[in-house]
Number of protein chains: 2
Amino acid sequence: MRETSAAKACTGCADTDPALAFAQHDHSHCAQALLLRAEAVADAAGARLTPVRRRTLEILLEAHRALGAYEVLDRLAADGFGKQPPVAYRALEFLVEHGLAHRIRRLNAFAACMHPGEVHAPAFLICRLCGAVAEAPAGPLRAALDAKAAGLGFVVERANIEALGLCPACVGKASCT
Amino acid sequence: MRETSAAKACTGCADTDPALAFAQHDHSHCAQALLLRAEAVADAAGARLTPVRRRTLEILLEAHRALGAYEVLDRLAADGFGKQPPVAYRALEFLVEHGLAHRIRRLNAFAACMHPGEVHAPAFLICRLCGAVAEAPAGPLRAALDAKAAGLGFVVERANIEALGLCPACVGKASCT
DNA sequence: TTTTCTATGTTATAGCATAACCCGTCAAGA
DNA sequence: TCTTGACGGGTTATGCTATAACATAGAAAA
Ligand SMILES: [Zn+2]
Ligand SMILES: [Zn+2]
Ligand SMILES: [Zn+2]
Ligand SMILES: [Zn+2]
């Protein structure tokens with residue numbers, strides 16, 4: 001599952017260039033960078049990126065896609081960590097709370113954050129054919145949502161924006177259905 | 001759970017006036033209207049609003065909040081329909097597919113649509129204290145999302161926009177935490 | 001050191017969702 | 001009329017997702 005076949009270098013997985021979100025690229029490269037940034041983020045928050053938590057993030061980064069909690073759990077168990085659901089759920093919860101990963105509710109799955117440390121309101125683009133998930137910045141979108149809600153007297157604390165559709169690679173295949 | 005205590009009349013539950021979304025009002029009134037419109041919608045689509053399906057929609061309308069599939073199932077069973085999960089899931093799936101209800105993924109629950117028949121891209125505002133759910137029109141939001149996605153070569157087919165926060169009634173209570 | 005809090009592991013259970021099968025109804029076509 | 005096939009709705013059984021509650025070990029604070 002590891003994407004070591006580098007097709008294109010990147011500077012942090014669609015970080016500086018969102019167009020790379022769906023492009024083939026050397027992911028081990030940005031995984032490395034993201035892991036370093038994650039450590040900095042955790043440190044700054046006074047939180048501890050313990051072995052399980054760190055390994056959980058690595059697993060998400062290596063997969064380069066959204067993983068179910070039980071998929072994560074299997075991999076953790078294979079690495080000598082606990083074999084029971086709470087082990088995975090707790091680590092994932094930690095990552096989500098600290099903005100190092102995101103929960104994709106539509107998929108009942110989790111994905112590593114591509115912009116850790118930055119204040120960001122992500123929107124997720126989920127391909128219904130290949131399962132690829134891209135994290136797109138949605139700042140303006142979020143602002144519009146907040147404004148809309150404010151008009152109803154509602155205060156938004158968190159928001160999930162998830163789009164299901166076809167990624168660039170799959171949009172061709174689907175048309176010949 | 002039925003809200004028969006009319007505090008305010010309405011013309012269709014936040015239909016013409018979205019500000020009613022979180023306001024107390026005579027809900028039996030709009031439930032009636034929505035049910036009629038649902039029949040028209042189903043009819044126009046050549047779909048059959050059978051007894052189970054119709055009763056399922058009624059249940060959602062009466063509850064006036066998001067219900068889990070098993071909550072719906074219990075009520076269906078009490079009315080003499082099937083007692084097994086697929087009964088509820090099938091009816092709910094039908095309603096969702098025909099735009100008569102929406103699935104709220106954040107809550108693993110379903111809510112009656114407040115705008116059946118209209119082309120609409122709903123955003124849901126979920127109060128984390130009282131559980132109230134409002135369906136707000138999100139046309140512009142959706143358009144922005146589509147545009148953003150198009151920039152990445154992604155084609156959006158469906159989108160979920162769900163905000164968690166505090167409704168007008170609860171925003172006061174929470175501040176004294 | 002002793003205490004305290006956090007983290008990680010466990011077992012058990014709760015909650016959500018679907019697969020697969022059977023049968024009754026109804027309408028189109030032989 | 002009889003047959004056939006689509007559809008709806010009921011069942012049993014199972015799988016997937018998530019959390020509660022408890023025990024232990026280790027880091028941090030006193
Ligand atoms: Zn992110
Ligand atoms: Zn794809
Ligand atoms: Zn709606
Ligand atoms: Zn509330």
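Every heavy atom of this structure was used, including side-chain atoms; hydrogens, water molecules and symmetry mates were not. Throughout, a chain's letter reflects where its sequence line sits, starting with A, and its residues are numbered from 1.
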*Asks:* Give every residue pair that meets the ring pair (Phe, Tyr, Trp, His ring centres under 6.0 Å) criterion with at least one member in residues 32-55 of chain A, sequence neighbours excluded.
*Replies:*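 Every pair satisfying ring pair (Phe, Tyr, Trp, His ring centres under 6.0 Å) with a residue in residues 32-55 of chain A: there are none.
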*Asks:* Distance under 4.0 Å to a non-hydrogen atom of chain B counts as contact; along DNA chain C, which nucleotides mark the start and end?
*Replies:*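 The protein-touched segment is C:dC16 to C:dA19.
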*Asks:* Taking only residues two or more places apart in sequence or in another chain, which ones pass ring pair (Phe, Tyr, Trp, His ring centres under 6.0 Å) with A:F110?
*Replies:*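 Result, ring pair (Phe, Tyr, Trp, His ring centres under 6.0 Å) vs A:F110: none returned.
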*Asks:* Can you name the residues that form a ring pair (Phe, Tyr, Trp, His ring centres under 6.0 Å) with A:F94, not counting sequence neighbours?
*Replies:*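 Testing A:F94 for ring pair (Phe, Tyr, Trp, His ring centres under 6.0 Å), a comparison that skips the adjacent residues, returns A:H98.
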*Asks:* Could you check B:T50 against B:N108 and say which one's nearest nucleotide on DNA chain D is further toward the 5' end?
*Replies:*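 Between the two, 5'-proximity favours B:T50.
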*Asks:* Quick one: label B:R105 by what it contacts on the DNA or RNA (base, sugar-phosphate, nothing), any heavy atom closer than 4.0 Å.
*Replies:*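 Nothing: the residue B:R105, judged by heavy atoms under 4.0 Å, touches no strand.
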*Asks:* Can you list the residues that meet the salt bridge (charged side-chain N to carboxylate O under 4.0 Å, His left out) rule with A:E93, with sequence neighbours excluded?
*Replies:*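 Per chain and number, A:E93 pairs via salt bridge (charged side-chain N to carboxylate O under 4.0 Å, His left out) with no residue.
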*Asks:* Using the ring pair (Phe, Tyr, Trp, His ring centres under 6.0 Å) rule, collect all pairs that involve residues 41-60 of chain B, keeping only residues at least two apart or in two chains.
*Replies:*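 Not a single pair qualifies under ring pair (Phe, Tyr, Trp, His ring centres under 6.0 Å).
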*Asks:* Name the first nucleotide and the last nucleotide along DNA chain D (5' to 3') that come under 4.0 Å of a heavy atom in chain B.
*Replies:*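 Contact span on the strand: D:dG8 to D:dT12.
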*Asks:* List in numerical order all residues of residues 87-99 of chain B for which some heavy atom is under 4.0 Å away from an atom belonging to DNA chain D.
*Replies:*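 Output list: B:V87, B:R90.
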*Asks:* Is the B:H115-B:H102 ring centre distance short of 6.0 angstrom?
*Replies:*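 Ring centres of B:H102 and B:H115 not closer than 6.0 Å.
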*Asks:* Applying side-chain contact (heavy atoms from CB on, under 4.5 Å), name anything that partners A:E71, two or more places apart in sequence or on another chain.
*Replies:*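 Applying side-chain contact (heavy atoms from CB on, under 4.5 Å) to A:E71 gives A:R65, A:L67, A:R75.
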*Asks:* Could you say whether B:P85 or B:R53 is positioned toward the 5' end of DNA chain D, judged by the nucleotide with the nearest heavy atom to each?
*Replies:*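 Taking each residue's closest nucleotide, the earlier one in sequence belongs to B:R53.
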*Asks:* For A:Y70 and for A:K83, locate the closest nucleotide of DNA chain C by heavy-atom distance; then report the residue assigned to the nucleotide nearer the 5' terminus.
*Replies:*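 Per heavy-atom nearest nucleotide, the more 5' residue is A:K83.
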*Asks:* Can you sort out the partners of A:A109 under side-chain contact (heavy atoms from CB on, under 4.5 Å), two or more places apart, ordered by chain and number?
*Replies:*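 Once residues adjacent in sequence are excluded, the partners of A:A109 under the side-chain contact (heavy atoms from CB on, under 4.5 Å) criterion are A:A66, A:L107.
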*Asks:* Taking only residues two or more places apart in sequence or in another chain, which ones pass salt bridge (charged side-chain N to carboxylate O under 4.0 Å, His left out) with B:R55?
*Replies:*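 Expected list: B:E58, B:E62, B:D79.
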*Asks:* Mind checking salt bridge (charged side-chain N to carboxylate O under 4.0 Å, His left out) for B:E97 and listing every partner two or more places apart, or none if nothing turns up?
*Replies:*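 Expected list: none.
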